[in-house]
Amino acid sequence: MLTAAGAATIPAMSTAFYTHSDCQRHDMGDGHPECPQRLAAIQDHLRATGLDMALQWRDAPLVSREALMRAHSARHVEEVSAVLQELSVTGQSRALDPDTAACPHTGAAVARAAGAAVAATDAVIDGEVDNAFCAVRPPGHHATRDEVMGFCFFNNVAVAARHALDVRGLQRVAIIDFDVHHGNGTEDIVAGDERILMCSFFQHPLYPYSGAVPSAANLLNLPVAPYTRGPAIRELIEQHWIPRLDAFAPEMLFISAGFDAHREDGLAQMGLVEADYAWITERLMAVAQRHCAGRVVSCLEGGYHLGALARSVASHVRVLAGV
Ligand SMILES: [Zn+2]
């Protein structure tokens, strides 16, 4: 597409925006940074900017146990599901990990969060939409095959990637994780699965203090020092992620989209800004255009400064939608 001035522009894409009110009812207690207001802030900002009009809003469906068990052990799925079901009946809350608590509404939220990722994958593969963003919580990338960890119960992105491979018949997919924390759960699940290339950067040292040495050849981990800013991250992505992604030639991209590397975020000490998230998304969209017919599914992970989160998601989604 050309503008009147002749400059190339990104054509508008059809972008699905999956979310559900159940995801705002999961509450880990006063003062917890992974709070229900995160999703409200994102949606308010999309409406305030008019970006909501460019998106196809869809209700996140509930995930199936079969889908969860493509990324998690049957024991993990059964145990977590049983606890969350019990809490929904008793009306009580319980800590499942030092950082991770469940309330009576958590069961519905985790089922919608993973369900959104799977439904978005189907919608993109079926060509209903070009790409999708899942504004869901709880996040997923710290949930390992067997453990609840770091605000995460089930690994939404890993569940979706395995759905694309095992159910929809794709041969190769890439998972890109730009959350400021190492996606240890995703690494635990996909390490050694040569159908998946996982590319990430993360502040190191920082929770969960893993990832400096990747555990398998299909993982491209870039640990970066605190106070690293956008220009250095962009250079790392150009030098490391892009050539590896081009060589792997994935058929679909999954993004673990955490926005806690933002300079205003209090849980880490990195210096990204909204323009960096737009740039990263543009580079990934270009990879998707070259190899994947544009197929991208992005799922919210971290991001705890409400204003910075909302503005960064808008920057990301604006590029996905090409508006
Ligand atoms: Zn994070």
Side-chain angles (χ1 to χ4, degrees), residues 23 26 28 31-39 41-42 96-101 109-110 113-114 117 133-144 147-158 175-190 198-212 214 219-230 233 236-237 254-274 276-277 280-281 284 298-313 315-316:
C23 292
H26 163 56
M28 295 195 283
H32 198 295
E34 206 289 277
C35 60
Q37 290 78 16
R38 297 176 64 232
L39 296 188
I42 290 168
L96 301 185
D97 161 86
D99 304 307
T100 317
V110 302
F133 181 76
C134 301
V136 292
R137 53 183 293 278
H141 77 151
H142 294 307
T144 70
E147 300 290 337
V148 169
M149 186 173 163
F151 319 162
C152 303
F153 297 78
F154 296 125
N155 197 312
N156 307 320
V157 162
I175 296 175
I176 293 93
D177 187 330
F178 60 68
D179 189 278
V180 79
H181 301 96
H182 173 231
N184 65 297
T186 312
E187 173 162 331
D188 178 65
I189 292 165
V190 310
M198 180 181 180
C199 299
S200 69
F201 68 77
F202 46 90
Q203 182 178 320
H204 185 78
L206 183 70
Y207 180 91
Y209 305 100
S210 53
L219 309 167
L220 175 51
N221 294 4
L222 300 174
V224 298
Y227 307 107
T228 302
R229 298 171 68 171
I233 291 296
L236 285 170
I237 288 172
F254 293 89
I255 304 177
S256 267
F259 298 92
D260 40 9
H262 194 283
R263 63 187 300 173
E264 293 172 56
D265 199 285
L267 265 66
Q269 292 80 40
M270 278 182 59
L272 298 196
V273 296
E274 291 82 338
D276 296 313
Y277 289 113
I280 293 169
T281 311
L284 296 177
S298 178
C299 296
L300 181 65
E301 300 282 1
Y304 303 101
H305 180 290
L306 296 181
L309 170 65
R311 285 180 264 115
S312 300
V313 168
S315 297
H316 178 59

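Residues: numbered from 1 along the sequence shown. Atoms within a ligand are numbered from 1 in the order they appear, just like the ligands themselves.
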### Message
Closer than 2.8 Å to the Zn ion (ligand 1): does that hold for any N, O or S atom in H141?
### Response
no
### Query
Closest approach of H26 and A109, non-hydrogen atoms and distance?
CB-CB, 3.5 Å
### Check: D265 main-chain N/O paired with D260 side-chain donor or acceptor under 3.5 Å
no
### Query
Which atom, counting only N, O or S, brings D179 closest to the Zn ion (ligand 1)?
OD1
### Summary
The ring-ring contact (aromatic ring centres under 6.0 Å, His included) partner of Y207 among H182, H142, H141 is H142
### Query
Looking at residues at least two apart in the chain, or sitting in another chain, which of them share a side chain to side chain contact (heavy atoms under 4.5 Å, CB included) with D276?
R234, L272, V273
### Message
Looking only at N, O or S atoms, which one in H181 sits nearest to the Zn ion (ligand 1)?
### Response
ND1
### Task
May I ask you to check whether D260 brings an N, O or S atom to under 2.8 Å from the Zn ion (ligand 1)?
yes
